[in-house]
Amino acid sequence: MLLRKLLGDQGYKTVKKGMCDEHPIFAAGLGICSALAISNKVENAIAMGAGVTFVLIATAVMISTLRSLIPLRVRIITYMIIIASFVITVQMFLDAFSPTISEALGPYVGLIITNCIIMGRAEAFFMQNKVYHSVLDAISNGLAYSCTLIAISVVREVLGFGTLLGISVMPDSYEKWVVMTMAPGAFFLLGIAIWISKTISERRSEESKA
Amino acid sequence: MAHLITIFIAAILTHNIALTYLLGMCPFVSLSRSVKTAFGMSFAVIFVITLTAAINWPIHRLLVYYNSEIISYIVFIIIIAASVQLVEMIMERFFPSLQASFGIFLPLITVNCTVLAVSLFMVLREYSYIATLVFAFGSAVGWMLAIMIVAAINEKLKLIGDVPKGLRGTGIIMIIAGIIALAFLGFGGMVDIK
């Protein structure tokens, strides 16, 4: 409950909403593309999660500061331009500091622009709320997204390559599940993850009713 | 000519943009519940993807010429947003019933990753203008094929109706798409593009 004192009542509610009740991938079904495509190796997942979280926070600051100045009719294009500028920064940073990850991510860095989480939060939250709450919302959504991405990538890398962050963790006799490194593995894993999370949340809501 | 046919077939089957590159999943999940909306949406996507690729290619050349490639993301996304607006206006005028069934999803083509991805792949793979058009059209047709298959299976599955409770909705679409992707792996090695 330290967190609740630290953030204030409304801030705590915002964080809890972003992290569990309205989890961007499981509950809202947003940002699935990159969750599927980038999760074959843990290091890629970490880079992608960090990139998306950074863009989310920066966009939250920008949009919630400018929200009274943005004309309603052209707001979507305004979001796009703001998001695209930050994505260019991420791309330049990756190119400069770790060219190997930048190459592995390929076009998916540019595709952060069309990650629905950022657009969705901008439209649903950043436009209506003050900077402080928007940043809290951005951080909790970004963290929820990154954690999911990393969790899926851990399973996929261990089963598909027999490694974890490039270090071999499985015995030599282990037969690699090649399908886990490819598209079908991603679909199956995410499907199962959604199944589990939905069952848990349904059970919880039934318990609270009873 | 053979090169163009290779690109076209690869974009539809072996390098399907939805089932191999895992792009365009948000509308995939939300629209693949009925065949009719999936069909209408895919036509809009085919039109927008081909149109934006046709506009983005010369503009990218222009940016390279002026040595300002760095802003290409911004330029691409603005062009995509503008074309979507155009399609929306045309639809509102001529196909109001189709428009009513899309609801919120038409503006969301802007955030459909496939549209931007085609422009980014075109830059990354250094296609010529004709090859870009063929690749864009092929990718869009491939996306349509994928979403139609999943939507049809999903509709039939609803009639039988014994999907586990927690798996209904997004979960089962993921599983269906996984099985279809597994089937599409069988096309691998038929044609190859870099």
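Values in this document were obtained by computation on a predicted structure and should not be read as measured data. Every chain is numbered from 1, with letters handed out A, B, ... down the list of sequences. In what follows, every heavy atom counts, from backbone to side chain, and hydrogens, waters and symmetry copies are set aside.
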For the OG1 atom of B/T170 and the NZ atom of A/K198, what is their distance to the nearest 0.5 Å?
5.5 Å

Tell me if the CZ atom of A/F161 is crowded by more than 12 foreign heavy atoms within 6.0 Å.
yes

Between A/Y108 and B/L120, is there a side-chain heavy-atom distance shorter than 4.5 Å?
no

Separation between OH of B/Y21 and CG of A/L111, rounded to the nearest 0.5 Å
12.0 Å

Non-hydrogen atoms of A/G191 and B/L167 that approach each other most closely:
O-CD1, 4.0 Å

For B/G178 against A/F188, the heavy-atom pair lying closest together
C-CZ, 3.6 Å

B/L19, part contacting chain A, at a heavy-atom distance under 4.5 Å
both

Given B/L185, B/I71, B/T20, the one with more heavy-atom pairs under 4.5 angstrom with chain A than any other is B/L185

Do A/T114 and B/I77 touch side chain to side chain, with heavy atoms closer than 4.5 Å?
yes

Measure the CD1-CE distance between B/I74 and A/M80 for me, rounded to the nearest 0.5 Å.
12.0 Å

Would you say that more than 12 heavy atoms from the other residues, nucleotides or ligands in this model lie under 6.0 Å from the NZ of A/K130, or not?
no

Gap separating the CG atom of A/L190 from the CD1 atom of B/I173, nearest 0.5 angstrom:
12.0 Å

Return yes when atom CH2 of A/W195 has more than 12 non-hydrogen atoms of other residues, nucleotides or ligands closer than 6.0 Å, and no otherwise.
no

Working to the nearest 0.5 angstrom, can you tell me the gap between A/I113 CD1 and B/C113 SG?
11.0 Å

Name the region of B/A18, side chain, backbone, both or neither, that has any atom closer than 4.5 Å to a heavy atom of chain A.
backbone

With A/F187 as reference, evaluate B/I175, B/L22, B/I179, B/I176 under the side-chain contact (heavy atoms from CB on, under 4.5 Å) test and give the passing residue.
B/L22

Looking only at heavy atoms, which of residues 87-103 of chain A get nearer than 4.5 Å to chain B?
A/V87, A/I88, A/Q91, A/M92

Roughly how far apart are A/I77 CD1 and B/I78 CD1, rounded to 0.5 Å?
6.5 Å

